Amino acid sequence: MIEVKGLYKRFHDKEVLNGVDLSIEEGKITTIIGQSGCGKSVLLKHIVGLHRPDKGTVTIDDVSLADMDDDALRACRTQFSYLFQGGALFDSLSVWENVVFPLVWAGGHHHHYEKDMLQEKARQTLELVGMHHVENMKPSELSGGMKKRAALARAIVHNPRYILYDEPTTGLDPVMSAVIDDLIRRLNTELGLTSVVVTHDMQSVSHVSDQVCMLYDGRIVFKGSVPEMNQNSNPILKQFIKRKNKGPILFGR
Amino acid sequence: MIYYQAMQVTKITEFIQTVGRFSLFTGRSYRSFLPIPPFSHMFKDFYEISVRSLPIIALVSAFMGIIMSYQLIYELRTFGAEMYVGGIVAVAVCRELGPVFAAMILAGRLSSGIAAELGTMRISEQIDALEIMSVNPHNYLVAPRLVAALFMIPLLTVFADAIAIGASYLVAGKILNIHILKYMDNIRFYLDSMDILSGLLKSVAFSQIIVIVGSYFGYYTRGGAEGVGKSTTNAVVTASIMILVADYFLTALFFGG
């Protein structure tokens with residue numbers, strides 16, 4: 001289980017996280033919503049130890065990331081997958097090489113497998129995300145939606161326990177957004193993954209979330225289910241989900 | 001005045017921080033040699049450093065040898081010593097010009113290429129992706145290049161030395177009408193093993209500077225396409241300066257006594 005307690009993070013003179021408390025329930029999809037630039041991705045990167053907090057702790061199964069040395073952190077990260085906003089596919093590798101990368105480099109060591117076996121595994125995983133006949137293409141030849149799906153295939157190939165999505169539907173057309181949302185939901189139910197989704201796409205939130213958290217001014221100001229979110233009277237949350245330009249949320253904050 | 005002093009203090013602090021961060025980066029890169037990267041993964045770097053650098057190294061070395069020959073013959077004629085041109089060229093090329101010229105060219109070609117590649121990987125979150133997949137970015141990105149440079153840059157230096165000496169003979173042979181065997185004899189008389197060894201040891205040091213500096217600036221790239229451009233420029237400038245500084249210390253070490 002992932003627990004975030006009293007997390008503070010400042011970049012230069014900007015306080016981004018200001019005492020975040022959050023617990024991620026096992027086997028559920030937790031969505032973190034908030035304005036652009038409010039620190040959602042920063043929070044996500046703290047969960048996998050890509051950022052170190054100024055204050056506060058992130059614990060995985062009651063072990064704090066801060067107490068882990070590099071080897072322990074690397075071992076812990078084998079339980080995670082992360083879908084980056086732009087996919088973060090490796091340009092120099094083909095799509096199939098990208099997809100099986102977490103297997104070939106499992107635990108940070110290079111493992112030798114039969115090429116045919118790896119290609120077959122990549123093909124099967126790509127099929128899971130609805131992609132066919134793209135194995136030998138380079139990431140630069142894929143569209144934005146295809147890149148995200150290929151990155152998603154890479155994220156699930158090694159059966160992780162947790163999968164973190166950083167704005168999975170940003171920049172995609174509505175149809176492709178729905179495809180990605182379905183995939184997130186399906187992976188959760190079929191593979192039993194625990195998912196954390198960072199987004200400000202409210203349609204996506206309604207579709208995929210078991211639990212919604214809103215980050216505002218560096219703190220979690222709401223936590224609950226989608227129906228609870230829709231009925232909540234918090235003016236910040238109401239303004240955000242109803243897309244109003246007037247209210248307590250200040251433009252450019 | 002106070003503002004100016006504050007700016008100076010800030011710059012000095014930033015410089016110290018950069019030196020510290022560079023030292024840590026270098027330490028981490030050398031500690032990351034294990035597990036040894038697979039050769040299939042290093043092959044691209046061997047190819048990039050050696051085969052793809054050969055034409056430019058050959059061209060520059062050939063011109064270096066030709067120009068040196070012209071200049072030396074012109075000057076040595078004053079003393080009637082133009083027959084010694086082969087020995088002087090060989091000593092100068094093997095000790096100093098071969099390693100330094102090759103390193104400067106490779107700093108421009110490789111440091112910039114490495115900085116641009118790693119910088120692009122940094123801003124497109126590919127380095128973060130490596131870390132999340134439990135892969136040590138130093139082991140995956142820096143160690144193979146350090147190994148490849150360690151072997152290939154000294155070889156390229158030997159190649160540069162040979163081309164420069166050969167090209168110098170083209171001029172000396174034509175102007176002075178010296179037979180190649182006599183020219184070679186002259187080289188053998190003046191050139192000793194320490195000249196060659198010192199040049200090779202220098203090229204080993206330069207090879208590591210070229211890779212580490214390029215990797216460092218690429219790894220810490222910030223700020224999109226503009227950041228990649230800055231990293232690339234900084235990598236070439238810093239690598240060139242560090243090569244010259246290292247050359248000074250190594251020359252003092254080998255020939256200072």
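Every chain is numbered from 1, with letters handed out A, B, ... down the list of sequences. Keep in mind it's a predicted model, so treat the numbers as computed, not measured.
The aromatic rings of A:Phe90 and B:Tyr140 sit tilted relative to each other, their planes meeting at an angle between 30° and 60°.
Around the NZ atom of A:Lys138, the shell of radius 6.0 Å holds more than 12 heavy atoms that belong to other residues, nucleotides or ligands. Enclosure of atom CZ in B:Phe46 by more than 12 non-hydrogen atoms of other residues, nucleotides or ligands within 6.0 angstrom is indicated. Surrounding CG of A:Asp69 are more than 12 heavy atoms belonging to other residues, nucleotides or ligands, all under 6.0 Å away. Shown here is A:Arg52, whose CZ atom has no more than 12 heavy atoms of other residues, nucleotides or ligands within 6.0 Å. The local environment of CD in B:Glu226 is sparse, with at most 12 non-hydrogen atoms from other residues, nucleotides or ligands closer than 6.0 Å.
The residues A:Lys45 and B:Glu125 are annotated as salt-bridged, a charged nitrogen and a carboxylate oxygen being separated by less than 4.0 angstrom.
In this structure, CG on A:Leu89 lies 8.0 Å from CD on B:Gln126, to the nearest 0.5 angstrom. Atom CG of A:Leu50 sits about 11.5 Å away from atom CD1 of B:Ile127, to the nearest 0.5 Å. Put simply, OG on B:Ser124 and CD on A:Gln85 are 12.5 Å apart, with the number rounded to the nearest 0.5 Å. Note that CE of B:Met133 is 15.0 Å distant from CZ of A:Phe80, once rounded to the nearest 0.5 Å.
Chosen from A:Leu164, A:Thr78, A:Asp91, A:Asp70, the residue pairing most often with chain B at heavy-atom distances under 4.5 Å is A:Asp91.
Although no hydrogens or angles enter the test, the distance criterion places a donor-acceptor pair under 3.5 Å between the side chain of B:Ser134 and the main chain of A:Arg74.
Side-chain contact between A:Val48 and B:Glu131: absent, with no pair of heavy atoms (C-beta onward) separated by less than 4.5 Å. Between B:Asn139 and A:Trp105, some side-chain heavy-atom pair lies under the 4.5 Å cut-off. By the 4.5 Å heavy-atom criterion applied to side chains, A:Tyr82 and B:Asp128 are not counted as neighbours.
Heavy atoms closer than 4.5 Å to chain B are found in the side chain of A:Leu93, but not in its backbone.
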